[in-house]
Enquirer: 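Mind looking over this structure? Questions follow.
Lettering of chains follows the sequences in order, A, B, ..., and the numbering in each one begins at 1. Keep in mind the model is a prediction, meaning the values are calculated, not measured. Note: hydrogens, waters and symmetry copies are ignored here, and every other heavy atom, side chains too, is used.
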Protein chains: 2
Amino acid sequence: MLGEIRDALTRGRLLLITARCTIHYEGRISSILPEGERIILIKQDRSVNIIQPQGVLPVNYMKEGSRVSLEEDETSHEPVLLIEHERLREQMRVILHRILDVKSYTLHDPARIELLGTEKDMHEYIYQHPELISPDFKPFSREEQTKYGYIDILGHDGQGNLIVVECKRGQADYTAVVQLERYVKRLAEERGVSEEKIRGVLAAPSMSEDAKAYLREKGFIFKRVQPPERRVRVKRQKGLDAWLGRA
Amino acid sequence: MLGEIRDALTRGRLLLITARCTIHYEGRISSILPEGERIILIKQDRSVNIIQPQGVLPVNYMKEGSRVSLEEDETSHEPVLLIEHERLREQMRVILHRILDVKSYTLHDPARIELLGTEKDMHEYIYQHPELISPDFKPFSREEQTKYGYIDILGHDGQGNLIVVECKRGQADYTAVVQLERYVKRLAEERGVSEEKIRGVLAAPSMSEDAKAYLREKGFIFKRVQPPERRVRVKRQKGLDAWLGRA
DNA sequence: ATATAGATCTCGTCA
DNA sequence: TGACGAGGTCTATAT
């Protein structure tokens, strides 16, 4: 199995090692993951994931561009994966106590994920449906990375006031208000307008009470805007066995 | 290979499927990942990762507690993994165009990762070395989830002023200042003290200029505190081949 | 390289 | 359960 590991490393293949191992990381922080059975995944870009049998995210990882080598522990003589990232000054040491399985592949996957329903999509929808903000809202700029900052939507009302809209696809919190405040301030400075002539609007499906209080204090407005509708309505089903029986 | 998939699903085993596939997700957002060769990882807690041969993080995922079933596409008759999370109202559909490999394991890994050098460690260090903040700093409370909020370190100086310290293990940005501002405000309210009697200190290794300006505006102080020292000094090495030659 | 902000953020913790 | 804050956050984008 060490032969296959060595081969996969030289050939730049994706490598999956299932093993009882101990993992040390040092870099931005130090970490120790005590002995346990888990999967070491070395990807084709030489990023590395340490994957426990539970938990959504990899418990340990190294970023792309790491250098991976197979060595031997000086004292225990166990095989060790040494993973180093020079530029980031990080390293990981995987002590392989018992290798359960080794697999390697060269996969071809140039596909990129496409997301629908992001905050950007929300801007665009509001831009097309300004009445969601107010009956007299006339948006004229959208996420344009202007010198005023990363303002989601900029527009005006019928009375010559500027309207700054900050969108959040989830519940808006205190920091969203601060962001809005910042944009309003910048805009007032840049345009030489008083802050009273600028209306700040926070558009989100919901907002915590603390954040709402702070918003009111700043004189801004919360506008409830539903995020793109969920299409999933998972219905009650029988257990796994029943499902498998159907397959 | 479908047999092994079915078996691993019924037995609650960790399942690795290497396949050319297309993935649809709907839940908090919608996503499509077009056809490509990648790994489908179904963990023992029934969380799911879709892993491309490059990139640090899984490109698609489902959280623990999903229900996984193997079905057949109604039109193409290709095998499909249907992954549903009832409580979170999320679902994923993995159309398996070509299965390259299937592996399953039952792994035992109760270990939890231990981190050294976190922000919490930084609080503790400063608490033990208050002179890092100021010669007259007397800390008396540390990350204690008081009614004043999640204040990192609370103390006083020789002149009866309260000192609130907010720590950041990385570069502090303006959101750190906002956090500090919030704590100072809360504390002033709770104790019926004027905000002038409270000194806000931001302790971090560095700070962006924008954030510094905002900090000064608020009358707070930046205190440069080095995070726990990096132990890694990865030295220049020869290429991968040389390393493998040594192994 | 730095700065900013979104993310299906995730994860832990506490009321 | 919701709220809040850390995270080795990661990732994309603009300066």
Enquirer: When you compare C/dA7 with D/dG7, how far apart are their C1' atoms, in angstrom units rounded to a whole number?
Expert: 13 Å
Enquirer: Check the side chains of A/S208 and A/D210 for a donor-acceptor pair under 3.5 angstrom, ignoring hydrogens and angles.
Expert: no
Enquirer: Quick check for you: among D/dC4, D/dT11, D/dG8, whose closest atom lies nearest to any side-chain atom of B/L57?
Expert: D/dT11
Enquirer: Just the rounded figure in Å: distance from P of D/dG7 to CD1 of A/I29.
Expert: 6 Å
Enquirer: Taking atom P of C/dT8 as reference, at what distance in whole Å does atom CD1 of B/I50 sit?
Expert: 15 Å
Enquirer: Rounded to the nearest angstrom, tell me the gap between atom NZ in B/K120 and atom C1' in C/dC11.
Expert: 15 Å
Enquirer: Less than 4.0 angstrom between a side-chain N/O of B/K63 and OP1 or OP2 of C/dT8, yes or no?
Expert: no
Enquirer: Identify which nucleotide among D/dG8, C/dG6, C/dA7 has an atom closest to any side-chain atom of A/T118, counting heavy atoms from C-beta outward.
Expert: C/dA7
Enquirer: Across the strands shown, which category fits B/E64 at heavy-atom distances under 4.0 angstrom: base, sugar-phosphate, nothing?
Expert: nothing
Enquirer: Given D/dC4, C/dT8, C/dT4, which nucleotide is nearest the side-chain atoms of B/S208?
Expert: C/dT4
Enquirer: Decide yes or no for B/I163 and B/H156: does some side-chain heavy atom of the first lie under 4.5 Å from some side-chain heavy atom of the second?
Expert: no
Enquirer: Which comes earlier along DNA chain D counting from the 5' end, the contact point of B/V56 or that of B/R87, where each point is its nearest nucleotide?
Expert: B/R87
Enquirer: On the side chain of B/D173, is there an atom forming a donor-acceptor pair with the base of C/dT4 - under 3.5 Å, no angle test?
Expert: no
Enquirer: My understanding is that only one of A/E181, A/Q179, A/R186 makes a side-chain hydrogen bond (donor to acceptor under 3.5 Å, both in side chains) with A/Y183; could you say which?
Expert: A/Q179
Enquirer: Name the residue closer to the 5' end of DNA chain D, choosing between A/A211 and B/R169 according to the nucleotide with the nearest heavy atom.
Expert: A/A211
Enquirer: Could you go through the ring-ring contact (aromatic ring centres under 6.0 Å, His included) check for B/Y127 and B/H123 one step at a time?
Expert: CA-CA 6 Å; B/Y127 197 81; B/H123 307 165; 9.9 Å; no
Enquirer: Closest approach to the side chain of A/R182, judged atom by atom: which nucleotide of D/dG8, C/dT4, D/dA12 is it?
Expert: C/dT4
Enquirer: Between C/dC11, C/dT4, D/dG8, which nucleotide gets closest to the side-chain atoms of A/M62?
Expert: D/dG8
Enquirer: Between D/dG7, D/dG8, C/dT8, spot the one nearest the side chain of B/Y25, thanks.
Expert: C/dT8
Enquirer: Grab the OH-P distance between A/Y214 and D/dC4 for me, whole Å please.
Expert: 14 Å
Enquirer: Rounded to whole angstrom, note down the C1' distance from D/dA14 over to C/dT8.
Expert: 25 Å
Enquirer: Examine D/dA6: is either OP1 or OP2 under 4.0 Å from a nitrogen or oxygen in the side chain of B/Q179? Give yes or no.
Expert: yes
Enquirer: Compare side-chain N and O positions of B/Y183 against OP1 and OP2 of D/dG5 and report whether any pair is under 4.0 Å apart.
Expert: yes
Enquirer: Indicate, with a heavy-atom threshold strictly under 4.0 Å, whether B/R112 touches base, sugar-phosphate, or nothing.
Expert: sugar-phosphate
Enquirer: Could you tell me how far apart A/Q52 (CD) and C/dC11 (C1') are, to the nearest whole angstrom?
Expert: 13 Å
Enquirer: Do B/R182 and A/Y174 form a cation-pi contact, if we require the NZ or CZ to be under 6.0 Å from the six-membered ring centre and within 45 degrees of the ring's axis?
Expert: yes
Enquirer: How long is the line joining CG of A/L88 and P of D/dT9, in whole Å?
Expert: 12 Å
Enquirer: Considering only side-chain heavy atoms of B/R28, which listed nucleotide, D/dG8, C/dC9, C/dC11, is closest?
Expert: C/dC9
Enquirer: Quick check: any donor-acceptor pair below 3.5 Å linking the side-chain of B/Y150 to the base of D/dG5?
Expert: no
Enquirer: Rounded to whole angstroms, how far apart are CD on A/E114 and C1' on C/dT8?
Expert: 15 Å
Enquirer: I want to confirm an ordering. Mapping A/L115 and B/Q171 to their closest nucleotides on DNA chain C, which one lands closer to the 5' end?
Expert: B/Q171
Enquirer: Closest to the A/M92 side chain: C/dA7, C/dG12, D/dG8?
Expert: D/dG8
Enquirer: Measure from the side chain of A/E166, starting at C-beta and using heavy atoms only, and say which of C/dG6, C/dT4, D/dA6 lies closest.
Expert: C/dG6
Enquirer: Grab the CD1-C1' distance between B/I113 and C/dG12 for me, whole Å please.
Expert: 14 Å
Enquirer: Going through the checks in order, is the side-chain contact (heavy atoms from CB on, under 4.5 Å) test met by A/V178 and B/T175?
Expert: CA-CA 8 Å; A/V178 174; B/T175 64; over 6 Å; no
Enquirer: Would you indicate which nucleotide in D/dT9, D/dG5, C/dT10 comes nearest to any side-chain atom of A/Y61?
Expert: D/dT9
Enquirer: Under a 4.5 Å cut-off applied to non-hydrogen side-chain atoms, are B/M92 and B/L82 in contact?
Expert: no
Enquirer: Under 4.0 Å: is that the gap between some side-chain N or O of A/K168 and OP1 or OP2 of C/dG6?
Expert: yes
Enquirer: Just to be sure I understand the rule, does A/D210 reach a base, reach only the sugar-phosphate, or reach nothing, if contact means heavy atoms closer than 4.0 Å?
Expert: sugar-phosphate
